[in-house]
2 protein chains.
Amino acid sequence: MSRADGANREDGAVAGIRSAAAGTATGGAGANLLALRSHNTALVLDLLRTAGSDGISRLELAERTGLTPQAVSKITGRLREEGLAAEAGRRASTGGKPRTVLRLVPGAGHAVGVHLDRDEARVVLCDLAGTVLAEARSALHLGAGADAVVERTARQVEELLPGARGALLGVGVALPGPLDHARGVLHRVTGFPEWDGFPLRDALARRLGRPVVVDKDTNAAALGLAVAGEGGSFAYLHLGTGLGAGLVIGGSVHRGARTGAGEFGHQVIRLDGPVCGCGDRGCIEALCLAAVARGDLAAAARVLGTGAANLVGLLDIDLVLLGGRTVAAAPGEFVRGVAAVLAERARRKGTPGDPIPVRLAAGGSRGVAQGAAQLMLAPLFGRRDG
Amino acid sequence: MSRADGANREDGAVAGIRSAAAGTATGGAGANLLALRSHNTALVLDLLRTAGSDGISRLELAERTGLTPQAVSKITGRLREEGLAAEAGRRASTGGKPRTVLRLVPGAGHAVGVHLDRDEARVVLCDLAGTVLAEARSALHLGAGADAVVERTARQVEELLPGARGALLGVGVALPGPLDHARGVLHRVTGFPEWDGFPLRDALARRLGRPVVVDKDTNAAALGLAVAGEGGSFAYLHLGTGLGAGLVIGGSVHRGARTGAGEFGHQVIRLDGPVCGCGDRGCIEALCLAAVARGDLAAAARVLGTGAANLVGLLDIDLVLLGGRTVAAAPGEFVRGVAAVLAERARRKGTPGDPIPVRLAAGGSRGVAQGAAQLMLAPLFGRRDG
DNA sequence: CCCACTTTCGCAACGCTGTTGCCAAAGTGC
DNA sequence: GCACTTTGGCAACAGCGTTGCGAAAGTGGG
């Protein structure tokens with residue numbers, strides 16, 4: 001069995017090649033040289049992005065990727081030719097030639113993120129680093145019909161475009177409710193049956209003449225957090241007018257085959273409990289929002305924490321992030337309450353190590369729109385669907 | 001932005017390269033040519049395995065992988081040289097030279113799977129195709145101490161080894177309870193505190209002089225089912241003396257950073273419900289087993305179904321498989337009951353498409369041991385940790 | 001039976017990947 | 001000022017999948 005020689009690897013690097021089968025035909029997952037280059041380039045680009053304005057040296061890139069310094073030199077050479085990377089000074093010498101620091105050129109590419117919330121539209125223009133360069137907000141009336149909303153959104157996007165000196169990669173759109181990420185079709189928009197099955201991605205792409213990607217708001221927010229540096233696997237729990245989750249597993253957003261993943265609000269945690277709007281009984285969302293409505297934030301946090309603990313146990317994730325308007329109104333209360341439930345359950349199970357941390361999600365009310373822009377940017381850095 | 005040219009790919013093939021970063025150094029996820037070859041070889045090998053004794057032609061391999069026919073010829077040529085693949089007749093002509101059929105040579109490699117259950121040890125010898133060539137069972141007394149169990153298990157393994165004419169890849173061990181898959185260390189064995197922190201993998205590997213991998217029984221069972229052909233993402237729910245789950249996401253077992261994923265039995269689904277053995281209240285396991293104890297299988301199935309529906313909603317998986325002694329005692333009842341809850345929830349949510357199917361897991365009482373053997377075999381076919 | 005055609009599949013040349021060997025450049029420190 | 005260390009580019013290289021082409025092995029019409 002000489003086939004084993006390629007298999008004995010350590011765990012981190014084992015997750016190496018899967019994202020890069022670019023350049024091959026449609027069907028399988030076979031990888032060719034173009035795919036290889038694409039993968040390694042994305043990896044280097046992601047490290048440059050993460051390093052930010054501090055920059056990162058070639059040798060450090062080599063260490064982090066496991067590639068040889070010479071390979072990194074070739075890759076960064078191409079990136080510099082394309083204008084995506086640039087030299088940015090040098091580090092202090094350690095007894096020899098000092099390392100040259102490289103950094104990402106943020107202005108080399110841009111993307112627009114659109115957040116269609118229930119009553120407000122928010123559009124941001126971001127550069128490659130994810131920095132918001134321009135922003136616009138306006139009231140949103142879904143009842144005006146799909147065509148009107150598409151037209152109005154398109155105009156808002158176009159108003160921001162002059163801010164993008166570099167190329168525009170495309171537009172990412174995030175909105176609540178069930179939809180098909182792969183096809184860009186909305187399944188249903190609560191309260192507006194005329195939207196059922198609307199092909200938002202294609203409609204907006206045709207109107208703008210640019211690539212468009214559509215995703216759930218919770219997924220966009222989670223992607224934004226992942227790109228912003230939250231490593232490993234985590235859950236973003238969004239408690240606003242509803243309750244939903246975005247799951248990041250191994251750095252990629254987990255959507256499931258039907259973009260249905262993250263259905264957190266209607267997890268049943270009290271069998272035969274009070275009836276929820278969905279028709280079921282004892283859903284987290286109903287229990288949690290009822291507690292909020294009667295002002296009992298401790299109870300709301302405990303309910304949320306129970307659901308979070310179920311999720312943490314099921315997926316063994318590393319971190320829980322909380323967000324949404326309701327959480328933002330009393331962040332400490334929710335973070336402490338959820339953390340307490342998690343700590344209590346971890347104590348009971350006696351698992352070694354520290355309990356799973358709970359934090360308030362960064363990004364605030366702009367997080368979803370920024371994450372929506374990342375729907376177009378993240379693939380450049382090797383982050384695809386989980 | 002000429003960087004985009006490598007990025008515009010379709011979704012299926014996008015998942016291409018990640019598993020193959022073999023041959024590089026320790027840290028990152030950079031991929032080199034050896035990794036590329038390793039990945040594509042594993043892909044071809046997996047298709048050969050899946051095709052079974054029917055075999056598969058080179059051109060079909062090319063279509064399925066997205067590689068060119070010539071690349072497939074080179075890869076299968078290497079595999080034939082190494083004795084892993086062989087020609088197996090030819091197909092009917094379609095007007096030209098008939099396609100040559102290739103098949104996996106199952107005897108080219110073997111692995112041993114060990115299932116340490118609470119009261120019984122089960123050892124199987126499998127070939128590359130996963131076929132069980134030899135089997136042994138014996139009573140297991142964990143109270144005899146770690147050294148005695150390791151020694152006894154090692155002897156059982158050695159007794160089966162003569163059945164492996166080809167090379168032995170190693171031994172996979174599956175057992176219940178929390179453990180560290182990456183390090184091969186048991187955290188805790190219920191009822192036997194002397195096992196706490198025992199480095200089972202290293203102890204058995206030293207004794208046998210062969211590679212050993214350790215995993216939870218539910219994960220092994222799920223891996224076995226995945227390799228046996230259950231595609232996509234699914235959950236294996238095991239209801240025996242306890243209740244646990246094995247999660248397969250995108251063809252790979254999802255373990256989480258601490259091998260803790262699949263903690264399903266202690267998901268709380270009835271807040272303030274009856275006290276469970278774990279100290280919490282309203283755990284699925286407690287509710288389900290209590291219902292079984294009082295003979296109310298319909299209630300047990302409903303509880304299990306509620307947990308399954310939570311899981312399906314959270315992860316958007318494609319399939320639920322049921323197994324374990326308790327399920328095996330009344331499979332129809334459980335399958336129907338769980339399916340009914342899933343169908344009801346799907347109906348309420350009004351999601352398009354068929355409801356998620358529920359089936360009895362194949363493999364029966366031997367499934368875990370076979371899955372344990374796959375812990376060693378599956379990496380050859382490109383299946384690594386999710 | 002022969003010949004044109006189709007289809008499979010291997011050989012050889014090729015382009016491109018990361019790798020290796022080597023050396024110039026650019027510092028430190030005695 | 002010189003020895004040394006460290007960085008990083010140039011050039012040659014091995015090996016990957018790809019392309020061009022032709023031999024092999026069938027079918028089917030004349």
Side-chain angles (χ1 to χ4, degrees), chain A residues 5-6 13 16-17 20-25 28-44 55-63 65-81 85 87 89-102, chain B residues 5-6 13 16-17 20-25 28-44 55-63 65-81 85 87 89-102:
Chain A
D5 54 10
I17 286 202
T24 47
N32 54 21
L33 290 172
L34 182 56
L36 187 73
R37 184 181 68 179
S38 209
H39 170 77
N40 287 338
T41 304
L43 216 59
V44 168
I56 184 171
S57 71
R58 287 179 182 80
L59 285 177
E60 203 176 340
L61 286 170
E63 285 170 24
T65 57
L67 297 171
T68 59
Q70 192 55 250
V72 170
S73 272
K74 284 191 179 180
I75 292 168
T76 55
R78 282 197 302 261
L79 290 176
R80 289 194 314 169
E81 270 186 21
E87 295 197 347
R90 30 187 61 184
R91 292 224 194 290
S93 167
T94 61
K97 178 175 176 176
R99 302 184 173 186
T100 311
V101 173
L102 301 172
Chain B
D5 53 8
I17 286 203
T24 46
N32 54 21
L33 291 172
L34 182 56
L36 188 72
R37 184 180 70 178
S38 210
H39 170 77
N40 287 337
T41 303
L43 216 59
V44 168
I56 185 171
S57 71
R58 289 178 180 80
L59 284 177
E60 203 176 341
L61 286 170
E63 283 170 25
T65 56
L67 298 171
T68 59
Q70 191 59 342
V72 170
S73 272
K74 283 192 179 178
I75 292 168
T76 55
R78 283 197 301 262
L79 291 176
R80 289 194 316 169
E81 269 187 23
E87 296 196 347
R90 31 188 60 183
R91 291 223 194 289
S93 167
T94 61
K97 177 173 176 176
R99 300 183 174 185
T100 311
V101 173
L102 301 172

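A note on names: the letters A, B, ... follow the listed sequences, proteins ahead of strands, and every chain is numbered from 1. Only this structure's heavy atoms are used, side chains among them; waters, hydrogens and symmetry mates stay out. No experiment lies behind these values; they were computed from the predicted model shown.
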Inset, instruction - Output the distance between atom CZ (B/Arg80) and atom OG (B/Ser73), rounded to the nearest 0.5 Å. - result: 8.5 Å

Inset, instruction - Let me know the distance between CG of B/Leu43 and P of D/dC16, rounded to the nearest Å. - result: 16 Å

Legend entry - Spacing between A/Leu61 atom CG and D/dT7 atom P, to the nearest angstrom: 13 Å

Legend entry - Residue mapping more 5' on DNA chain D - nearest nucleotide basis, B/Lys74 or A/Val101: A/Val101

Inset, instruction - Please tell me which of B/Thr76 and A/Pro69 maps to the more 5' nucleotide of DNA chain C, matching each residue to the nucleotide holding its nearest heavy atom. - result: B/Thr76

Inset, instruction - For A/Arg91, answer base if it contacts any base atom (sugar-phosphate contacts may also be present), sugar-phosphate if it contacts only those atoms, and nothing otherwise; contact means non-hydrogen atoms under 4.0 Å. - result: nothing

Inset, instruction - Mark yes or no for a side-chain to base donor-acceptor pair under 3.5 Å between A/Gln70 and D/dG8, with no hydrogen or angle criteria applied. - result: no

Inset, instruction - Measure from the side-chain heavy atoms of B/Thr68 and tell me the nearest of D/dC16, D/dT18, C/dG18. - result: D/dT18

Legend entry - Among C/dG27, C/dT17, D/dT7, the nucleotide that comes nearest once only the side chain of A/Arg78 is considered: C/dT17

Legend entry - Ionic contact status for A/Glu87 with A/Arg58, cut-off 4.0 Å: yes

Legend entry - For atom CZ of A/Arg58 and atom P of D/dC10, their distance in whole Å: 11 Å

Inset, instruction - Return the nearest nucleotide to the side chain of A/Ser73; candidates are C/dG18, D/dG8, D/dG17. - result: D/dG8

Inset, instruction - Say whether, by atom type as modelled, one donor and one acceptor occur between the side chain of B/His39 and the main chain of A/Ala29 under 3.5 angstrom. - result: yes

Inset, instruction - Please determine, for the side chain of B/Pro98, which listed nucleotide (C/dT8, D/dA25, C/dC16) has the closest atom? - result: D/dA25

Inset, instruction - For the side chain of A/Asn40, starting at C-beta, report the closest nucleotide among D/dG8, D/dG17, C/dG18. - result: C/dG18

Inset, instruction - Please confirm whether the backbone N or O of A/Ile75 pairs with a side-chain atom of A/Asn40, one donor and one acceptor, at under 3.5 Å? - result: no

Inset, instruction - Would you mind classifying the nucleic acid contact of A/Ser57 as base, sugar-phosphate or nothing, using non-hydrogen atoms under 4.0 angstrom? - result: nothing

